[in-house]
Each structure stands twice: as structure tokens, then as C-alpha cells.
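Comments concern the structure below.
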Amino acid sequence: MGGKTILEFYPFDIDYIADKTATIRLFGYTKEGKSVVVLDDSFIPYFYVIINPKKKEKAVEFIKNIEVKTEERTIKPLGIHVFEKKLIGNPVTALRVDVQLPTDISILKEYIKETPGYLDRVEIDVSFYKRYLIDKKFQMLTRLRCNGEIIEDKKYKADYVVLADSIEEAEGEVYENPRILAFDIETYNPIGNPRPSKDPVLMISIATNYGFEKVITWKRFENSKKYVEFVESELDLLKRFSEIIEKENPQIIVGYNSDNFDFPYLHERAKKYKLSFNWGIDRSKLRLSRRGINKVAKIKGVPHIDIYTFIKNILSPTLKTEVYDLNSVASELLGEEKLDGVDWTNIAKFWDVGGENLSKVVDYSMKDSILTIKLMNKLFPLISELTRIVGQSIFDVSRMTYGQCVEWFLAKNAASFNELIPPKPIGSYVSTRINKTYEGAYVHEPKPGIFENIVVYDFRSLYPSIIVSHNICPTTIFCDCCKDGYKTPPIGGKSFSFCKKHKGFVPSLLDDLINRRMRIKEILKKIHKDDVDYTILSARSYAIKTIANAIYGYFGFARSRWYCLECAASITAWGRYYIKNVIEQAKKYGFNVLYADTDSLFISLDNKKLEEAEKFIENINKNLPGVMELEFQGFYTRGIFVAAKKRYALADMNGNLIIKGLEWVRRDWSKIAKDTQMAVLKAILIDGSTEKAVDIIKDTIKRLKDGNISLEEVTIFTQLTRKIENYESIGPHVSAAIKAREKGYTFEPGQMIKYVVVKGEGSISDKSYILEEVKDNKLEYDPEYYINNQVLPAVERIFEVLGVTKDELRGKIQTKLEGFFR
DNA sequence: CCGATT
DNA sequence: AACGGCTAATCGG
């Protein structure tokens, strides 16, 4: 050991330590998988003071002389450098104040206000390690080259500890196949939710992406499975788990809701035995902290990913499932479900009985870890790519919302445009911003009816391409240099102007993202799905799209650093302009415009040929600026539009149905209503038979009436959006929750209420009970409600389009179902 | 029956 | 802790 070295490594995590100075620590691995800690003490904390340029000398002199004495030391600036920067496009004189320790910033910022010519202070709210990643442009999992000295430091369980002289980006190569460990715990829960103060952890399962599988438990049973390991007690279980983590030494740890359940639970149980999990590469303990209402669990140097958080924040808009529990998500993403036969709520009973029952729980637990690692295998390429585009740590990015992803992406790139990072808005700004609204997209009134040969077009990435084409940016709006800038269509009688001379910060970045994505798509077209690069490149393309599409929303987001309501309003104004223009053009060409929404246009060909439509779109595109393009989206043999916006169904040539907005896609409708609607749509659009559709409804009604429908099919999902006390109007789901609460069930805001309307007296709310209560008390669903308030309304809308009124439909059904509606 | 709430 | 547009059931006076 010892001596100068050049070391190439891939960072996985970052933090800093501070004693006399601050030292950045990069935790990572060499290509061969040797663990590395790289220490960089050359990076100096700083912030900016914006001042009146006329007072520059006086200001520098004043700041230079600031001294704050504390018990241990004297805090003062290390150096001051004058910069000409921009703050949201406006030129400013900024003094960069270098300090010794990151915590000095929050102390000095108070004294700095007295500076002559003081205007503002910025970048005080960027934490030190984030600052480092932004300034250095280092990306996680991407190769770095470090010059430095290998030092002996027993504090770290790493193969190499290097004190860096310099670190630079190597050739942008990405770390392949990190060792990932997934785990899941089962706890004793005799009264519903387990109580970490009393109820022990019963077993822990582990599954990795390299084949290691294990379940540890402390109650023996007749066992033939090789992955089961018995220990003597809960304490031994916790110790053994900790031992395995240390031995397997994973590069990433993943759990499902592990931030808010598994890790806090393990932590509290371990505390009881005065046991700690010293898993950090620096031998530090597993650390739990709060972020708003959520907990997060951190292991220094070993990124812990809570894949549930990632799915909920980033993936949810693309998922169909209404709940994000492991079963539903795995079912949709992997086509695989949790093990049958074990109900989460019954684990205590299974445990107490033991034997065969316990064996089932062990299998169940094993499967949970396996599903978690499989989800991770599927989603890790996306997390990895997003991490690199956003430019922050894996730990942070995997927990970010769309707004945060955009924010740190912009922060990373601001300096290249000489832009300072604006401060986070203070609370009072946020509340005024929340109350401000602006006009959104245009939705064309549909022509109700059934149509054939429908062509759908849409603008490729409408909002991103508008931002680029019209240079929409907080840095270019109301510029001083252009008398004749890009003028938006009128917005509430006014028009906003954007600079034509200088390309804005955000449009430049977005232009770059769009071009990068197009290049990737070109490559993807050429390579095979099995190609090693395919997964990475398609994840990259998806990650870029995600960021690009979220930028518009970020402009209108109340907590945004680059908030610009005028920008958001301008984008939608241009959007309305373009889609209306396309509608006009289509009409001029003699097409029958059926519908349009935001960025899409639906026309029916009638007696026209497809070539005429191609000519039309060609002409449209000839006249569109820059990156904007109207694309062919699809051709549909038949489609139905009801007398409402955002609700239609289309059938393609392969017999697939695409349904938008109708009950079928809504979670707040029962499965029976949705399935019936789907079957009716198929009968009408694919088979072309209303007769068949009527038969389907008749059959459903009969089955409902006979009590032959499962509870699952009559359950309705509605989210509890606030505390029960705070509801003014008591809807069915709230009413069900209130009744269940009296029986000891607890409810949190954000929780999904699954309820069933049962037979009995009173209003619909009075008759609504949560699914568990219905099962426990053997209540029966109310067929009248499901027929009249669920199934019939869902299909009546469709028949109305065919010219069949509600009464006529009921008549048709009645003739088939003698004497039912009496 | 109708506006407010969800 | 990303935007607005939109429909529709149900409550509650």
C-alpha cells in the first residue's frame, strides 16, 4: 500500500466529512469490482452575494473583514472573487464567497446582508455534495479517473482508499451489472398493523441478482427447501441478517417500501437489543432520517433504493394499476404475482400455528424478495440513466419526483450558461403561486357517433418543441434587446414576447435533449433487441423523454426555482394555436374532423384516400417551424365518440381496443361495470353487433341479481385525499372509512379505500362498507345499486351514441329479461 | 332541484 | 411537492 497511483473507478455514492476542512468522499468500484473510497479535499464551499456593481470595492472590503467568533473557531471568508453572472437572464455582479466549511455558509449569510450595495445572496440552498456534483459534472456509475495517493485507513471497509490530487471524467463508460441485493421482512401482527415496539420480526428473505436466495427465521418446521435457514431467536435473526449483508457485500440494496417500513422496523427492533447495523463503507450505522412526511434509510456508500418510491414518483403515470402494492405492480410489469394462500394480515396466525403454515409464509416471503429483485432488474437501467441525466446521486435521484428531477437537471447545466441557480421560493411566494392559474390546452368538441377509417395524428413532443421553437424561457421573456421578439398568440388580451437574438437557457438544453434522443432512436432502429446496448439506450431515450416532458409543468410548479407562469401560459397558448390551425387546415382539405385534444387530431377518411391525408400532413409540416412536427399516430377501422370530451374508444385492424376516459379506465368504477362496458364496446366496434351487446348487459344483470358476482368485481376504489375529519361532504368512501374506524381500522390521507355498496336502508353512503368489513361480517352487495348506478350508466352512454335512449335500452333488456324491471 | 364537493 | 381540462356521481341544503 501507499504511493502515487492512477485509479479508474465508477462512483456509486457521495457525501462529505468536515473537521478542519471539508472533504468530499466518493464511494465506488473499479471495473473489476474492487471497492474504492476517493477523498477529495480540494473542493471549497462557497456561495454568492449579488451586489450593486458601483459598490463593488466597498463590498469586497466589507465581506473580507467579516469575522464570526464561536466557541471553537473564528468563521470568516477564505476568499472573494468577482463574477459577472446572470440571474434568470439578468446580468448581475456576483461575489463568490469561499468559506472553510459548508456550515459556515448558513452562519455568514446572516452577516452578509449589511454589505454595501447588497442586493441578494444565492446558491446558499445547494448542499455541499450536490454542489460538488454540479460543478464537477461527475455522473454516478460513469467512469472517473483519479490521480492520487493510496492511503492506509482502517476506518473504511474498502479495497482502496485514495487521497485524490485530481479527478477527471474518463470516457463516459457505464458500470455494468452491479451486485444488487433485495430483502423483505415479515413481522408478527396479531392485531392488524405490527407494532415495532412490541411485535418481533419473524423472518427476513434475501434475493440477489446473482442467484443468492435465503430466508432466515427463528421458528423451526419440517423443511426440505435449501434456501431456509433457522436461527434461535429474533436477536439471532437480526445478527444473521447483518452478517449476510456484510458477507454478500452488495453494491446496491433494494426493498419495496423499505424506507417507510422494513428499515425503520429493523432499526427499532435492533435498538431494543442494543444492536446496530454498521453497513456503511465507512463502518457507519444505517441512518434513518425524515424528508417531509416520509422517512428515508441511508447506508453510506451503498445506495439503498426503495423501488416503491421510484415507481410511485416516476413510473406511476405509465402504469395502469390503481394501487402500487408489490402484487399489482409486479403483475403489471413482470406478469408475475405474489404467492397465493398467504394473506398479509394473517401472518401472526400462520406463525402461531407453525408447521406447514409456516412453510407457506417462508415461501411467500422468498417470493416477495424475488419479485423485488426482478422489478429492480427491470427498472435499474432507467434509474441509472435518470441518475446520470439529472446528475445527482443514485440515492437522491431514485427518490425524486418529476419536479425535483427537472430542477437538479437545470441546476447541473446552469453554469454552462453563466446562470446562477435561483433560490427555492419562500413559503409566502409558494402560497400566492398556488392560487394562480392559467389557461391550458384546447379540446375540440367531438362529433358523437360511430365512424370508420379514422386517422389519428399528433404533434411529436408538442410542448418541448414549442419551448424550443419559440425560445420560451424565464431568461428570454420580456428581453430588452428585441423590439420584435417571438410574440405569443393573445393570452387574456395580452401577448408575451420572447427574445429572438439569444437562445434561452432552457430551450438550449431542451433542444439538446431532443437531438440526443433522436440520435439514440436512430441507433436503436439499427440494432437488435438482444444487443448489449439496446437496454441502456432505450432506457436513456425514455429518461430523456421523461425530463423533456416535465419541463413545461415545472415552469408552472409553485415550488420551482425557475418558476415562470407567463412561460407556462405561453406554451399552452402556442399549443392551442397550432392544434386549432391544424383543425382549420384539415377542414379546408375537406376532411371530417371528429375530435382533437391538446396535440392530437382525429379525422375520418370517408370517401377520401389515405394518400390525400398524407398530402395534407406533408403540407402542414412544410409550414411548421424547426423541430415541430405532426406525425401519423395510427389508423383505426372503427371508433366511437360519445357526447363528451376525452371519452372515446377505437378499434384497430388487429382487433385491439383503445379506450380513453370511459369508465373502463377509471378506478372509481367497479370491475363489473368496467368489464361490461368493455364487452359492449367490443361487440359494437369489433363484431358490429348491438344485439350481442344487449345480450351481454342482460347476462350481467342476471348474474348480479342472482348474487353470482364476486366481491372483487363490485369493489370500488377511491382515494382518501385528506384526514377523515376534514371532509365537508361525506362521500361513500369516506362514509365507509368512518364506519370502519369505529371498528378499529386506521386510515391515512392518500390511502386507497376499497369499498362495496351493500344491501340495506338509507343513502348510498350509508350502505358503503370497506371490503374487509364486508368479508368479515358476510355482508352482501346490493344488486340494485350495481345495476342502476354502475352497469347501466356505463353502457347507456354508448347506446345513446347509437340513437338508443336510456328508456329504449331498458326496454330492450326488459323484453329479454322478463319482468325484471318491475 | 341545484350548486358544491369529490 | 410537474401542468390544466374535463366528466360525472353523490351529497346536502
Side-chain angles (χ1 to χ4, degrees), chain A residues 291-294 309 312-314 316-317 399-410 424-425 427 429-431 433-434 436-446 462-464 466-467 546-565 567-573 575-576 579 595-599 642-648 660-663 665-670 673 716-722 724 726-737 749-750 753 755 757 762-768 785 788-790 792-794 796-797:
Chain A
R291 273 188 190 179
I293 54 166
N294 289 314
T309 306
K312 198 164 51 100
N313 285 342
I314 300 299
S316 53
R399 286 167 179 75
M400 283 181 186
T401 59
Y402 277 100
Q404 292 165 313
C405 285
V406 171
E407 187 143 292
W408 293 108
F409 166 76
L410 295 180
K424 271 192 234 168
Y429 284 13
V430 174
S431 25
R433 287 177 180 185
I434 281 172
K436 285 191 179 173
T437 56
Y438 60 92
E439 191 179 344
Y442 172 71
V443 187
H444 192 67
E445 196 66 49
L462 178 66
Y463 288 174
I466 285 175
I467 295 172
T546 300
I547 299 285
N549 286 342
I551 287 178
Y552 147 71
Y554 179 77
F555 281 148
F557 170 40
R559 290 173 193 275
S560 161
R561 289 179 193 250
W562 278 276
Y563 176 82
C564 179
L565 198 77
C567 294
S570 301
I571 296 162
T572 56
R576 294 191 296 273
I579 195 67
Y595 182 59
D597 180 357
T598 313
D599 58 354
V642 305
K645 294 171 176 180
K646 295 186 185 284
R647 298 181 150 233
Y648 57 87
K660 298 281 179 189
L662 292 166
E663 283 71 10
V665 298
R666 301 188 59 96
R667 68 175 172 211
D668 50 356
W669 281 78
S670 60
I716 299 167
F717 293 76
T718 308
Q719 198 185 29
L720 207 62
T721 57
R722 52 182 83 174
I724 291 173
N726 298 345
Y727 276 93
E728 291 178 43
S729 171
I730 309 298
H733 68 299
V734 184
S735 172
I753 305 294
Y755 70 93
V757 178
S763 69
I764 291 161
S765 285
D766 292 338
K767 299 195 290 177
S768 298
Y785 171 80
N788 294 315
N789 297 41
Q790 292 275 322
L792 285 176
E796 275 163 2
R797 282 182 256 290

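What you are looking at is a predicted structure, and each value in this text was computed from that prediction instead of being measured.
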Next on the checklist: Over all strands shown, is Ser560(A) touching base, sugar-phosphate only, or nothing at heavy-atom distances under 4.0 angstrom?
Outcome noted: nothing
Checklist outcome for this item: Assign each of Tyr442(A) and Arg559(A) the nucleotide of DNA chain C bearing its closest heavy atom; nearer the 5' end lies the nucleotide of Arg559(A)
Next on the checklist: Just to be sure I understand the rule, does Arg576(A) reach a base, reach only the sugar-phosphate, or reach nothing, if contact means heavy atoms closer than 4.0 Å?
Outcome noted: nothing
Checklist entry - Is there a donor-acceptor contact under 3.5 Å from the side chain of Gln790(A) to the main chain of Ala673(A)? => result no
Checklist entry - Under 4.0 angstrom, heavy atoms only, what part of the nucleic acid is Trp562(A) near: base, sugar-phosphate, or nothing? => result nothing
Checklist entry - How would you label the contact of Arg433(A) with the nucleic acid (heavy atoms, under 4.0 Å): base, sugar-phosphate, or nothing? => result nothing
Item to check | Donor-acceptor pair, side chain of Arg399(A) and main chain of Asn313(A), under 3.5 angstrom | outcome: no
Checklist entry - Contact class for Thr598(A) vs. all strands (heavy atom < 4.0 Å): base, sugar-phosphate, or nothing? => result nothing
Next on the checklist: If I take atom OH from residue Tyr552(A) and atom OG1 from residue Thr572(A), how far apart are they, to the nearest 0.5 angstrom?
Outcome noted: 5.5 Å
Next on the checklist: What's Asn789(A) touching, base or sugar-phosphate or nothing? Going by heavy atoms closer than 4.0 Å.
Outcome noted: sugar-phosphate
Checklist entry - For DNA chain C, whose closest nucleotide is more 5', that of Ser729(A) or that of Val642(A)? => result Val642(A)
Checklist entry - What nucleic acid atoms does Ala550(A) come within less than 4.0 Å of, heavy atoms only: base, sugar-phosphate, or nothing? => result base
Checklist entry - Base, sugar-phosphate alone, or nothing: which one does Tyr785(A) contact when heavy atoms must sit under 4.0 Å apart? => result sugar-phosphate
Item to check | Salt bridge flag under 4.0 Å for residues Lys424(A) and Glu407(A) | outcome: no
Item to check | Sidechain-backbone polar pair: Tyr727(A) side chain, Thr721(A) backbone, donor-acceptor under 3.5 Å | outcome: yes
Item to check | Start and end of chain A contact along DNA chain C [non-hydrogen atoms, under 4.0 Å] | outcome: dA1(C) to dG12(C)
Checklist entry - Which heavy atom in Lys645(A) sits nearest to a heavy atom in Pro446(A), and how many Å separate them? => result CG-CD, 3.9 Å
Checklist entry - Separation of Phe717(A) atom CZ from dT6(B) atom C1', in whole Å? => result 18 Å
Checklist entry - Rounded to the nearest 0.5 Å, what separation is found between the NZ atom of Lys646(A) and the OH atom of Tyr595(A)? => result 5.5 Å
Checklist entry - What is the nucleic acid contact for Tyr438(A), judged by heavy atoms within less than 4.0 Å: base, sugar-phosphate only, or nothing? => result sugar-phosphate
Next on the checklist: Base, sugar-phosphate or nothing for Tyr463(A)? Non-hydrogen atoms, less than 4.0 Å.
Outcome noted: nothing
Checklist entry - Counting any heavy atom closer than 4.0 Å, what does Lys645(A) reach on the DNA or RNA strands: base, sugar-phosphate only, or nothing? => result sugar-phosphate
Checklist entry - Is Tyr552(A) touching bases, backbone alone, or none of the nucleic acid, heavy atoms closer than 4.0 Å? => result base
